[in-house]
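Proteins get letters first, then strands, A, B, ... in listed order; numbering begins at 1 in each. What you see is a predicted model, and the numbers here were worked out from it, not measured in a lab.
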Amino acid sequence: MSKQIAFVTGAGRGIGRQIALTLAAKDMVVAVSDLNIGNAEETVSLINESGGKAISVYCDVTQLASVEEAVQAATSQLGSIDILINNAGWDKVEPFLKSEPDTWDRIININLMGQIHTCKAILPLMIEQGYGKIVNIASDSGRVGSSGEAVYSAAKGGVIAFTKTLAREMARHKINVNCVSPGPADTPLFKEIGEYNAGIAEALIKAIPFRRLAQPEDIANAVAFLASEEANYITGQTLSVNGGLQMV
Amino acid sequence: MEDSRTLSGKTILVTGGADRIGKAIAISAAKNGANIALHYHRSKEEALQTTQEIATLGCRVLAIQGDISDLEQVERMRDKIQTEFGDLYGVVNNAGYVQMKPLFQYAKDEWKKEIDVCLNGVINLAYTFIPHMKEKGEGKFISIVGDSARMGNRNLIISAAARNGVISFIKSLALEVGQNQVQCNTVSLGLIDQGDLGMNEERMKKLIKNYPLNRLGRADDIVGIIDFLLSGNADWITGQVISVNGGSGMIG
Ligand SMILES: NC(=O)c1ccc[n+]([C@@H]2O[C@H](COP(=O)([O-])OP(=O)(O)OC[C@H]3O[C@@H](n4cnc5c(N)ncnc54)[C@H](O)[C@@H]3O)[C@@H](O)[C@H]2O)c1
């Protein structure tokens, strides 16, 4: 069998970078996409250094046109896309009543519209080849809520519902669509949030039964499982990877 | 050469492992290098046959009889496993006793046995095997339930209730033993066709309409998630319920 090709959004750093590394280590060819192309290129070098194959593509998931161009660029170099990992995401943590419309738009555009755009662009390829796996990165805030993350949790809740309907519509084409829902993870985004929310990491660690934040590897391993043949009968599901912080 | 298989040298207990789903799980864990404690209740012949099959994979295997609804028998199982293999790394509880009928067709108290096996069985297993895992600071406890436990089913009313109890039990347990790095999770199944559903074609067709992936499950569909949850790759996953059901239910 020829190598599987995975398209990962927001793969320039954090969880997305680790997902790209983990999939490459499982012998997949990875299209490393990100808004920050310098970071994406760095991820590609890391993959190349460990003997894997990857290319970098610029992709702003908030713009359908940008996504279409990125998909075009990826397929012209790699042939097709078998696996889509919707990881790009962003949040600003603040009380809902202090938040402003511009922030809402940004949060919804990146976290929810971003996944809608990539699915619109990539699903036709998967349908044509009669095979595909999509793993959408949600968040436990979308399952149980989270103070300071009102609009973000709405967008991530939207991701979970979007996943379920796509799973139903796409099943006949042998395309599986599932969510991985991370709990608090030790990434650049979380560090940013910690900069304006003193003590948040310590408070969370106390509440997590395993007493630590997630490392990107923890999330990437679950993504890799759902992207594998071992998960062929799993679709429309949400798997939380959170050290026991929430149990839904 | 060092054995790099995920479960190499670790002992896994699979309950109800004589045939069907339990057997598939046991074989897969064996292929991943585990020593297998293969529990059975009544199916001695099948258990011995499965044990032989597993032995050909080059790992150690022990067939072990017991009624999991009886704590003393579970404790006896623990002692045998301890003598044969030493410490247990993981429990996959696949055993169950399920009657298919609506509540008002049950005779008085006829449900007790079902609750005893499906819920108390899991409590007995946890009570007996988890203290050692806590001490060692590692371990995996997985129980299998049906999606009826998450969604209800009029013909599985008792086992579904007992197993909804299992889901809750495993969440509380996960909270209790998280600090000891023991992971506890539930895997919830859609209908698995093992060739004995006894349905006519028309009913089968109607049933499959509820399964977006357009077929019922097979024992092989389950092993992937169990292998994953038993592996180090799932060390940050605890207290969760994941359905393997061809899309027939999408909860949470
Ligand atoms: N870190 C956590 O605690 C946590 C918890 C739950 C869920 N998540 C989710 O996990 C995913 C990854 O988070 P992370 O912590 O690694 O974040 P991160 O900020 O470290 O990385 C996110 C990546 O997405 C990229 N990105 C942002 N906007 C983009 C856009 N419009 N188009 C393309 N790429 C864009 C960024 O450039 C960055 O490389 C996100 O979906 C996030 O919501 C994270």
Candidate pair Asp196(B) and Arg20(B), rule side-chain contact (heavy atoms from CB on, under 4.5 Å), full reasoning: CA-CA 11 Å; Asp196(B) 57 357; Arg20(B) 302 153 66 93; 2.6 Å; yes
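Residues Asp235(B) and Phe210(A) share a closest heavy-atom pair of O-CE1, 3.1 Å. Smallest separation of non-hydrogen atoms from Phe190(A) and Pro184(A): CE1-CB, 4.0 Å. Residue Ser243(B) comes nearest to Asp147(B) through the heavy atom pair OG-OD1, 2.7 Å, listed as atom of the first residue, atom of the second, then distance.
Only the side chain of Ile208(A) comes within less than 4.5 Å of a heavy atom of chain B; its backbone N, CA, C and O stay farther away. Heavy atoms of Ala234(B) lying under 4.5 Å from chain A are absent altogether. In this structure, chain A has no heavy atom under 4.5 Å from any part of Val223(B). Contacts between Phe225(A) and chain B at a heavy-atom distance below 4.5 Å involve the side chain alone, from C-beta outward. For chain B, the nearby part of Asn176(A) is the side chain; its heavy atoms alone come within less than 4.5 Å. The contact between Arg168(A) and chain B is made by backbone and side chain atoms together, counting heavy-atom distances below 4.5 Å. Using a 4.5 Å cut-off between heavy atoms, Gln240(B) contacts chain A through its side chain alone, with no backbone atom that close. If you measure heavy-atom distances from Ile251(B) to chain A, the contacts under 4.5 Å come from the backbone alone. For a residue to count as touching a neighbouring chain, one of its non-hydrogen atoms must lie under 4.5 Å from one of that chain's; by this rule Gln246(A) touches chain B with the backbone only.
When Gln183(B), Arg218(B), Gln179(B), Glu176(B) are compared by the number of non-hydrogen pairs under 4.5 Å with chain A, Gln183(B) comes out ahead. Per-residue heavy-atom pair counts under 4.5 Å with chain B were compared for Leu239(A), Asn242(A), Thr238(A), and the maximum is reached by Asn242(A). When each of Ala214(A), Ala161(A), Ala167(A), Ala222(A) is checked for heavy-atom pairs under 4.5 Å with chain B, Ala214(A) comes out on top. Comparing Gly236(A), Ala171(A), Gly243(A), Pro209(A) by heavy-atom pairs within less than 4.5 Å of chain B, the highest count is held by Gly243(A). With chain A as the partner, the residue from Ile225(B), Asn214(B), Val241(B), Ile242(B) showing the most heavy-atom pairs under 4.5 Å is Ile225(B). Each of Lys174(A), Met247(A), Met170(A), Glu217(A) has some count of heavy-atom pairs under 4.5 Å with chain B, and the biggest count is that of Met247(A).
Judged by distance alone, the side chain of Asn111(A) and the main-chain N or O of Ile107(A) form a donor-acceptor pair under 3.5 Å. Under a 3.5 Å cut-off, the side chain of Thr235(A) and the backbone N or O of Gly246(B) do not form any donor-acceptor pair. In this structure a side-chain-to-backbone donor-acceptor pair under 3.5 Å is missing from Thr11(B) to Tyr89(B).
When side chains are defined from C-beta on, Ile192(B) does not count as touching Leu216(B), because their heavy atoms never get closer than 4.5 Å.
In this structure, a donor-acceptor pair under 3.5 Å is present between the side chains of Gln18(A) and Thr22(A).
Rounded to the nearest 0.5 Å, atoms CG (Leu226(A)) and CG (Asn136(A)) are 10.5 Å apart.
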